[in-house]
Every structure is written in structure tokens, then in C-alpha cells.
There are 2 protein chains.
Amino acid sequence: MSPALFTVDPERRPLRADAQRNRARLLEAAEAVFTAHGTEASLDDIARRAGVGIGTLYRHFPTRDDLVESLIHSMTDEVIARGQELLEADDAFAALHTWLQSVLRQNATYRGLAGSMVDASCGDSRLGDACQRQQAVGAELVARAQEQGSVRPDVTWEDVIDLTSAIALVIERGPRHDGDRLLGLALDGLRYQR
Amino acid sequence: MSPALFTVDPERRPLRADAQRNRARLLEAAEAVFTAHGTEASLDDIARRAGVGIGTLYRHFPTRDDLVESLIHSMTDEVIARGQELLEADDAFAALHTWLQSVLRQNATYRGLAGSMVDASCGDSRLGDACQRQQAVGAELVARAQEQGSVRPDVTWEDVIDLTSAIALVIERGPRHDGDRLLGLALDGLRYQR
DNA sequence: ACCTGAACACCGTTCAAGT
DNA sequence: ACCTGAACACCGTTCAAGT
């Protein structure tokens, strides 16, 4: 049994029972509303759906990013863990490819999330922390592929993250765009030609 | 002397003198406000700066895209003309590269413009018309590079536009991103390896 | 014809008052 | 300690009244 299932507060001290329930309801409501309308959805909607006052939302989640971060927290952990597993794979290029696909899926969880992630990696919000830990794993995967000689030595991990983020940004704007296809093409450009 | 300098109405009949002046003032104000705050800037700000009522703004430009389209109209024409010139170039791959760089510069005119362009190419706004005419030239440039054997035959012009749009979207979110570098990397992936 | 601005329906954020 | 919702400052959009 995962201890995460019983984690009540990722923050400091235990919450009062009603506060704890409100927090859970807010996350549930935010999940539904973000899924339907993206991460720029109305906060009033979320509070109403959770059956709490708007002030309670702000007390638990002072910024929109706090709400987003709490929602995708476990997913970020999974992406990071997946990246660490993939560091052990034989084919470092394929490992990088697989990992970037999972990053694309993560970014597509809610419309607007990809943008928040890009903004966050240049800032210092709580969402930014998650992004940077994630990017650190990506940097290792890139380095390993370069050591194996399958990624061009002049390419930086920022290049790889930027291209992946770019693709995440464009695919969330309409169904015309195929993320996996674009990612494959972009990776072809980073591949070292023997 | 370019006739464009004397074009008063890209629309229908001549405007009353005061309306014509208001239209010019609105475009001037929008130019300044979009430059400062991006294409999502407050329309009230623009009307106030132009010294007209908000209703006048809506009369001249019923949607935000109408305003954006009028502002970048000549620029879109230039990008299209440049593309047609480049169709005559010897090296079709280099021509495509050069043209896509100009598309990136165009998209970077106002923060938020790249997003509007992507949205527009899936819609039917006036901005969408401009986008589609522009994309048609891009499609020709891609086809020609493929005929020359310098772009992979399995790549579509949508791939090329999508990757370029993706890069335009990511570079407008902070100074960390280098569009020309990312474009170069992406194009390496599309290049046919002899 | 065209312009104006009040009116309406939203939104994010704060904070005094309650329990 | 926590919750509530009114209050404030915004925003986009419409439309009746003016010239």
C-alpha cells in the first residue's frame, strides 16, 4: 500500500477535519473543471463546485499554480521515476524518446498546462520546483544518449526540453497536430548521424 | 510610391472623414498597446489611448482578430511575397529555412500573436485567411525542397508549419529560448540524408 | 453614418465579520 | 483556525441615445 494514499498535507501541520475535507473537495472540483475548461478556468466555478467560499480556495491554494501543482504532483513524481528507470535502459536514445513521450502526455493532461510548465521553468513557483526536478532527469537522459553517441554532441538538454515543450504547446491548440509524430521528427534532427 | 500607403479601407466603401481618422487612431493605439502588452491586451486601453469610445472600436473591428489582422496585414503580404521570391532560389532547402525564419520573426511581432496564428489556421476568421494564404506558399516551398531531394519525402508541409508554429509558441514565453537555433535543429530532422 | 458611454455579465483577489 | 461572501477593481460586449 502506497503511503501517498494516506498523505494528508504535503505542507506543514495536520489540518482541522473540515479544512481537510474542503481541501479534498477543492482538488476534486479543480480536477473536473480543469479537465473541462483548461487550467485558465474560473476559480469561482471551482469553489462553487466544491461547495466552499472563494476565500477558502484562496486559503488552501494562494495561487493558481499551487492548485495545478497539487493536482499533478503524483504525475510529476511518476514522470521523474520513469526517467530514472529509463536511465538504466540499454538504448539511451530510445529511452530519451520514450521519456519525452511521457512528458508530452503529462503536458496534455489539462489544456493550458504546457504553458504553465514552460512559464514555471523560468520562474520559482511551486510548479517551477516540480518542473526543474523533472528537467534534471531529462538532462541526464540527454547526457547519457550523448555518451553513447546517439545524440549530437552540440545539442544541449535545454534544446531537447524546449523542442518538447514547443510541441506540447502546439498540440494543445486543436486536434490537427500530432505530438508523437512531431516529436519523432524533432528527435531525428538531434540524432547523431554516423 | 506604394499604393498601400494611400489605401484607406481594405473593406468596402469610403469612410466618413472622422471615421477614417478614428480608424487610423485605433490602429496606432493598438500597435502601441499590443507591443507593450501582447495581443491579449485590454481593448478599453486601446480605445482610451485612441481617444474614442469603446463602441467605436467594436464598430471598426468587431473582433480582436480583425484588429490584429489589420495591423499585420502588410507584414503578411511581405512574408508571402518573400516566399514567392524564394521559390526561384537555387537551393530549395536554404530557401525554406530562410522563409521559416521570416515566419518566426513575424510571429514574434506581438506577444500572443503566434497563438492567434495557430488558432486561426484551424478557423475561418479574417486572420485565418491570411494564415492560410501564407501556409499555401510554405507548402510550395516544402514541395520544391522535396523535389530537389533535400527534404524527406515522408514529411508533410503541415509538419513543417506545425514545428515552426510550435517554436514560435515557445520562444514568446521568455528569453531563455532561441528560435533560430531550435528551427535549425528541427530542420535537421526534416532533411533528407543522402 | 457614426459615435458615445452606461449597462450587463463576467472575472480575480482581498478582507472584515462570523463560527 | 478556518470559513464566508460582500466589496473592489477590472474586463469584454451590447445597445439605446445622441450628433
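Convention: sequence-line order gives letters A, B, ...; per-chain numbering from 1. These numbers come from the heavy atoms of this one structure, side chains and all, not from hydrogens, waters or symmetry mates.
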Structure string for DNA chain D in dot-bracket form, Watson-Crick and G-U at under 3.5 Å, | interchain: ||.|||||...|||||.||

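Taking atom CG on L57(B) and atom C1' on dT14(D), their separation rounds to 14 Å, with Å as the unit. Between the C1' atom of dC3(D) and the CZ atom of R48(A) lies a distance of 17 Å, rounded to the nearest Å.
Close to dA1(C), at under 4.0 Å from its OP1 or OP2, lies no side-chain N or O of R16(B). At dC2(C), none of the side-chain N or O atoms of H60(B) fall inside 4.0 Å of OP1 or OP2 (strictly under the cut-off). Between dG12(C) and R64(A), a contact under 4.0 Å exists linking OP1 or OP2 to a side-chain N or O. Residue N22(A) places no side-chain N or O under 4.0 Å from the OP1 or OP2 atom of dC2(D).
Using a 4.0 Å cut-off on heavy atoms, the residues of residues 33-46 of chain A that approach DNA chain C are A41(A), S42(A), L43(A), D44(A), listed by number.
Judged purely by atom type and a 3.5 angstrom limit, R111(B) has no side-chain atom pairing as donor or acceptor with the backbone of F34(B).
Here the shortest heavy-atom pairing between W99(A) and Q134(A) reads CH2-O, 3.4 Å.
Two residues are said to be in side-chain contact when any heavy atoms from C-beta on lie closer than 4.5 Å; L183(A) and L187(A) meet this criterion.
Checked against dC3(C), dC3(D), dG5(C), the side chain of I54(B) finds its nearest nucleotide in dG5(C).
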